Amino acid sequence: MKETSFDPIDLFLRSVREMPERPAVHVDGRSWTYAELDHLSQRIAAWCDAVCGDEQRVAVHGARTVLAYAGILGVLRSGRAYVPLHPDHPPLRWRSMLTRASVRTAIAPAQVHAQLREAGIDLLVDLDGLPSAAARSNVRGSREAYVMFTSGSTGEPKGVPVGREQVAAYLQHVCTTYAFSPEDRFTQFFALSFDLSVHDLFVCWGAGACLCVPPADGALQAMSFANEQAITVWFSVPSQVALLQRMRLLRPGPLPKVRQAFFCGEPLPLDLARAFCEAAPHAQVVNLYGPTETTIAITEQVVGPELTERVVPLGRPFPGHWARVRTGEALATSGEGELVLSGPQVNAGYLGQSSASFFEAGGQRWYATGDRVRMDPEGVLHFLGRVDEQVKLAGHRVEPGEIDAVLKPMLGDGTAVTVPVLRAGATELATFIDVEMDPVPLFAALRERLPAYMLPSRIIVVDRFPHGTHGKLDRKALIERATHG
Ligand code: AMP
């Protein structure tokens with residue numbers, strides 16, 4: 001018997017063959033069938049082949065149009081890897097990413113071509129510039145599927161290349177564990193520069209289902225969108241639902257068709273999961289967990305009636321993967337410590353930089369997540385927090401050190417320290433500096449380089465930073481001050 005391939009493009013092409021006339025994506029007010037998306041992505045693949053030569057990576061501007069979805073497919077079909085660019089991120093950030101990933105070509109709407117040229121792109125194409133037709137097969141070139149960038153504490157975004165095999169390992173597990181069908185309608189809330197979007201696209205297309213793309217500014221309309229689009233498969237960060245709850249938009253019952261809901265990206269409070277179950281009474285809710293470095297998600301926990309902890313556990317690793325708890329040098333199968341992971345979904349490391357987060361032990365390669373967990377005797381993982389300063393803001397990964405590093409050159413001998421602050425149920429950032437300075441140019445510098453979600457809400461001047469008994473910076477005191485000051 002022929003083995004089923006879970007390569008993302010093979011999955012898509014199987015649906016093209018089996019159900020060409022079914023809708024593959026609903027975006028910008030219209031649906032595109034599998035046959036139409038196939039054709040468009042072939043034209044994009046042909047463009048890539050014509051202009052990219054040996055170049056293995058192509059940027060895809062992540063505006064919510066069919067061009068982006070066909071762009072991702074086309075780049076992968078040409079045997080290359082895609083580098084998604086968030087439409088709202090500043091061009092200087094794009095530049096930093098494009099330089100690190102050595103990208104010179106991009107698929108993007110014409111209105112941003114000038115900006116992308118400034119960011120270092122030489123060759124660009126919009127829908128209008130594509131070759132009219134191109135019959136071509138699925139060429140296997142690069143083993144890399146995409147490069148996603150996450151916040152890096154050195155002041156520049158950090159590139160995480162992920163291979164097609166790693167994506168295939170993820171898809172194999174998810175597509176076979178949870179039953180999806182061509183009748184399904186998937187949400188596509190995640191930005192294409194967030195790796196959870198890869199789940200949306202390829203789990204959906206692997207099932208021959210329809211991907212439903214809400215407008216970029218539609219967070220508060222998520223419930224009515226899901227209802228109008230007859231969504232059956234929901235996937236979001238918990239804070240998206242928490243926001244709806246705070247706005248009193250999460251009511252019992254409006255999502256009767258949702259039968260499968262996934263959450264990932266940050267801790268899932270049990271009461272929030274239960275409230276979502278009331279809104280979507282037929283949904284099975286699953287908490288997924290995983291850093292970008294381990295490809296989309298790597299552990300899972302179904303939210304059942306037996307759960308009692310305040311935060312839903314991370315559950316167990318996907319089959320074929322190993323989770324251990326690291327304390328010092330030792331890797332244990334139970335107890336508290338830093339979660340380290342091994343298996344086919346762990347990526348090859350960062351772009352152009354080595355990192356102690358990837359290490360060998362017992363003949364295996366491991367990734368140290370920086371997450372503090374408890375592994376119980378049944379092997380179930382429970383999230384306790386971080387071992388470092390990394391924070392999540394509405395699901396976005398933020399290294400406060402990146403903000404501090406951007407400010408550093410403007411502060412002379414001074415220093416910046418950014419801390420997370422909980423305000424009205426949501427986390428925000430506050431930056432302390434130890435030099436008397438006008439914050440306006442500091443904010444301007446931050447806005448030039450960082451996405452909006454990474455901007456501190458305040459810059460606070462202190463005479464000097466508080467230190468603990470061992471001379472270590474007392475971050476807790478700063479958090480306390482930002483919270484109550
Ligand atoms: P990212 O690489 O942006 O996907 O962020 C990965 C980080 O998000 C992890 O290392 C965790 O700190 C956090 N995270 C992801 N999923 C969960 C979850 N289900 N529960 C708690 N934290 C999570």
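In this chain, residues are counted from 1 in sequence order. Whatever order the structure lists ligands and atoms in, that order sets their numbers, starting from 1. These numbers were taken from a predicted model, which means no experiment stands behind them.
Judged by distance alone, the side chains of Gln364 and Ser342 do bring a donor and an acceptor atom under 3.5 Å apart. At a cut-off of 3.5 Å, with distance as the only test, a side-chain donor of Gln188 or Asp200 sits close to an acceptor on the other residue. A side-chain N or O of Ser96 and one of Glu156 form a donor-acceptor pair less than 3.5 Å apart. Side chain to side chain, His173 and Glu300 meet the donor-acceptor criterion of an N or O pair below 3.5 Å.
Of all atoms in ligand 1, listed by their number and element, those nearer than 4.0 Å to a heavy atom of Asn287 are 19 (N). Applying the 4.0 Å criterion to heavy atoms of Arg397 picks out, from ligand 1, the atoms 1 (P), 2 (O), 3 (O), 5 (O). Each of the following atoms of ligand 1 lies closer than 4.0 Å to a heavy atom of Thr292: 1 (P), 2 (O), 3 (O), 4 (O).
Of the protein's heavy atoms, Pro291 CA, 3.5 Å lies nearest to atom 6 (C) of ligand 1. For atom 21 (C) of ligand 1, the nearest protein heavy atom (residue, atom name, distance) is Pro267 N, 3.2 Å. From the protein, the heavy atom lying nearest to atom 12 (O) of ligand 1 is Asp371 OD1, 2.6 Å. In terms of protein heavy-atom proximity, atom 18 (C) of ligand 1 is closest to Glu266 O, 3.3 Å.
A tilted orientation is assigned to the rings of Phe180 and Phe262, their planes being inclined by 30° to 60°.
Residue contacts with ligand 1 for His396 are absent, since no atom lies close enough (heavy atoms, distance under 4.0 Å). Counting heavy atoms under 4.0 Å from ligand 1, residue Tyr289 touches it through both backbone and side chain.
Between the OG1 atom of Thr369 and the CG atom of Asp388 there is a distance of 9.0 Å, given to the nearest 0.5 Å. In this structure, OG in Ser197 is found 7.0 Å from CG in Asp195, a value given to the nearest 0.5 Å.
For atom 19 (N) of ligand 1, the nearest non-hydrogen atom from the set Leu268, Leu288, Thr150, Val286 comes from Leu288. For atom 4 (O) of ligand 1, the choice among Ala297, Gly290, Pro313, Gly265 with the nearest heavy atom turns out to be Gly290. Taking only non-hydrogen atoms, the option from Lys392, Arg372, Glu293 nearest to atom 8 (O) of ligand 1 is Lys392.
Taking distance alone, with nitrogen or oxygen atoms compared against 3.5 Å, Thr369 stays at or beyond that limit from ligand 1.
Cation-pi geometry between Arg475 and Phe432 is not met at under 6.0 angstrom from the ring centre and within 45 degrees of the axis.
Under a 4.0 Å N-O distance rule, the pair Arg397/Glu293 qualifies as a salt bridge.
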